Amino acid sequence: MKTSENLNVKFLQSANEVQTYRFIEITIEAVHPNVTNPFTDVRVICTMTHEDGSFQKIEGFCDSQDGSLFKVRLMPKKHGNYHYHVTYCQSDGVFAEHRGVFTAIDAGYKGLLTVDENYPWHFKWEGTGEHFFLNGTTCYYLLGFEDEKIIHQSIDRLHEYKINRIRVLLYGRQNDKPWGTPVVNTDDYHMKLNPWVAKFPDDVFNPEFDLTRFNGSHWQKYERLLAYAREKDMTVSVIFSIGAQCLPTPFMQGSEDECRYFRYAVSRLAAFSNVTWDLGNEHDFHRETRFWPDMTGNFIKMTDPYNHLRGAHNKIYFNTLDNWLDMQLIQVWDAGLHDVLIKQKQSQKETSRIIPQVIEEYGYEDLWEKIPGQRCADTRRRCAWEVYMAGGYQTNGESPRTGTGLNEDTGGGWINGRGDSTMIMLESYVHIVDFFTSFEWWKTEPNDDVIVNYDNWHAEGIQYYNQSSNRVQDFKAFCLVETGKTYVFYLPAGGNVVAMLEKNTYKAICLNPRTGEIINLPEANNSVWISPDMADNEDWVFLLTKYELPK
């Protein structure tokens, strides 16, 4: 390699001081770059070193079509002084380099989402150690709105409902009325995401992408979405692709084009502390599942200098060699989810590979109902309770019935994350969040054996259809326990539960999960506890917490 006197390269540092879990940018301006394709003919590599000697290798990216602009983003996790060394290198061996310093200060940001090493079925924030109660929703084509105010308004609305994780496509293409929904492409909204330069960007089926050149405006828009969500402490599941669409991926499995896409995405987006990676929704539609997930997941793990959480929607991987997998993203529809998660937990225990479980799709509101109301807001809420009572997490999806480009043109729901005042499903999910975050939920474990008897005295023999097992079965109550300290009971159809407790004195409350109303109950101080009679056979929740003596 050699430094060329004819190569005019300038290195610009955005700031001398940065807050931890935010980033500074090193901008590289190349005047008259002598390369055919800057996305393939130039590499920018940086080493960021903390004062304690720890360091990270970080890759830069091209941010202009003519190759005149490159960037490296440095996100410090620890406060203190840093120095860095960045190298700009062309494929012909010509290079330039730069060294610089900056200081990181701790501003108290939550940082990256991580798995709790002490309670590995749960999440916590790396920066503060606070636990993360995942309450997610799907917003596949949120990026499709031309007016970014609508993107911000949608994020604001979801934030008010205490949604803290949204699933957003980085690449996707859909024709009008995807999955039978009233959402269409218009001048103001489109489901044609173009991460690459395209000859026909509006052609859903044949855009003729140049897979060696990235479309900067697309990536910059996604970055603005990430930045806005980050200020709301909202994580974004970056979905690289989705199988159930018109053009699943424009590149071959394991190809150079595929690797380039993943590498470029990580180099641009990894400095945002609020991202997690999803290898691809329904990736089994167009990728084999024996080798591709391991190959791709480990490639992203190796490429990402900050080690964001990784998952792969829809398929279950328990192999102990799958060390790239940080959270299990599952799709199982309708009731019976509690039993599904308990079985998955047992499978994880058998492999000694315990990670959080997230039911990401359990039937979107109003979608593909076999009978009216099968997937209404209330049944989705009940499914969510089943999930949480198994110690898992969930991602929901609102109805798109008010439409985008059709009907009232005020919604979009799970297709794009936009909603209006007629969409009320998420109100009841706020009650779930408030309830669980009122105690140390991550310390509890599902243990229905605590329940001696569940008697539904309102409707003897009442049953429900368990979609996952394809059979009709009796209702049953669920229990989460931290023995001797916390007991949570969920009664899906009213009635009474009789439970055996570790003998202590417990404060007892009842939650109406439909309204959020909390009813104070007499304290429990016997080893046998019987829940009080409720007024109906709707679902009810009881929380018993041990009285703590004042310190």
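Computed from a predicted model, the values in this text were never measured in an experiment.
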Charged N-O contact under 4.0 Å between Glu148 and Lys221:
no

Across all chains, not counting sequence neighbours, the side chain to side chain donor-acceptor pair (under 3.5 Å) partners of Gln153 are none

Note to self: Under 4.0 Å between a side-chain nitrogen and a carboxylate oxygen: does that hold for Arg73 and Glu223?
What the structure shows: yes

query: Quick one: do the Asn281 and Tyr140 side chains pair a donor with an acceptor below 3.5 Å?
result: yes

Are side-chain N/O atoms of Tyr388 and Gln394 paired as donor and acceptor at under 3.5 Å?
yes

| Could Asp339 and Lys343 be called an ion pair, given the rule that one side-chain N must be under 4.0 Å from one carboxylate O? | no

Residues passing the side chain to side chain donor-acceptor pair (under 3.5 Å) test with Asp63, sequence neighbours excluded, are Lys71, Gln220, Arg268

| query | For Asp52 and Ser54, does a side-chain donor sit closer than 3.5 Å to a side-chain acceptor? | reply | yes

- Assess whether side chain to side chain donor-acceptor pair (under 3.5 Å) is satisfied between Thr404 and Asn416, documenting all intermediate values. CA-CA 9 Å; Thr404 300; Asn416 57 35; 3.0 Å; yes

Discussion item. Over 60° means perpendicular and under 30° means parallel, so tell me whether Phe240 and Phe262 are parallel, tilted or perpendicular.
Written reply: perpendicular

Salt bridge (Lys or Arg N to Asp or Glu O under 4.0 Å) test vs Glu126 passes for just one of Lys78, Lys77, Lys110, namely Lys77

> Salt-bridged, Lys301 to Asp326, with N to O below 4.0 Å?
Replying inline: no

Check the side chains of Tyr228 and Glu231 for a donor-acceptor pair under 3.5 angstrom, ignoring hydrogens and angles. no

(Q) Any carboxylate oxygen within less than 4.0 angstrom of a Lys/Arg side-chain nitrogen, looking at Lys162 and Asp434? (A) yes

Do the numbers put Lys124 on top of the ring of Trp442, so that NZ or CZ is under 6.0 Å from the six-membered ring centre and no more than 45° off the axis? no

Review point. Parallel, tilted or perpendicular: which describes the rings of Tyr171 and Phe209, with under 30° parallel and over 60° perpendicular?
Key: perpendicular

(request) Please work out whether the ring planes of Phe123 and Phe132 are parallel, tilted or perpendicular, with thresholds of 30° and 60°. (result) perpendicular

**N-O pairing of Glu160 and Lys232 below 4.0 Å** = no

Is there a donor-acceptor contact under 3.5 Å linking the side chains of Thr137 and Asn396?
-> yes

Exercise. Between the side chains of Asn215 and Ser217, is a donor N or O closer than 3.5 angstrom to an acceptor N or O?
Worked result: yes

Using the ring of each side chain (for Trp, its six-membered ring), is Phe214 parallel, tilted or perpendicular to Tyr264, with breaks at 30° and 60°? parallel

Taken to the nearest 0.5 Å, the spacing of Arg375 CZ from Cys383 SG works out to 9.0 Å

Any salt bridge between Lys476 and Glu386, counting N to O under 4.0 Å? no

The single option from Trp441, Tyr490, Trp385 that satisfies ring pair (Phe, Tyr, Trp, His ring centres under 6.0 Å) with Phe435 is Trp385

Notebook entry, point to check: Taking the side chain as C-beta and beyond, is there a heavy-atom pair between Trp179 and Gln174 under 4.5 Å?
Noted result: yes

Side-chain donor-acceptor contact under 3.5 Å, Lys57 with Thr47:
yes

Exercise for the section: Answer yes when Lys345 and Glu350 have at least one side-chain N-carboxylate O distance shorter than 4.0 Å, and no when they do not. Expected result: no

Per salt bridge (Lys or Arg N to Asp or Glu O under 4.0 Å), Glu365 is matched among Arg380, Arg401, Arg381 by Arg401

* Do Tyr364 and Thr138 get their side chains close enough for a donor-acceptor pair, meaning under 3.5 Å? -> yes

**Item:** Criterion side chain to side chain donor-acceptor pair (under 3.5 Å) on Arg287 and Thr249, from CA distance to verdict
**Value:** CA-CA 10 Å; Arg287 294 290 185 264; Thr249 59; 3.2 Å; yes

Taking the basic N atoms (NZ, or NE/NH1/NH2) and the acidic carboxylate oxygens, is any pair closer than 4.0 Å for Glu482 and Lys546?
no

**Report entry** Aromatic plane relationship, His218 with Tyr222 - under 30° parallel, 30 to 60° tilted, over 60° perpendicular
**Finding:** tilted

Those residues at least two apart in sequence (or on a different chain) that pass ring pair (Phe, Tyr, Trp, His ring centres under 6.0 Å) with Tyr306 are none

Worksheet entry | Heavy atoms of other groups near Met302 CE, more than 12 under 6.0 Å | yes

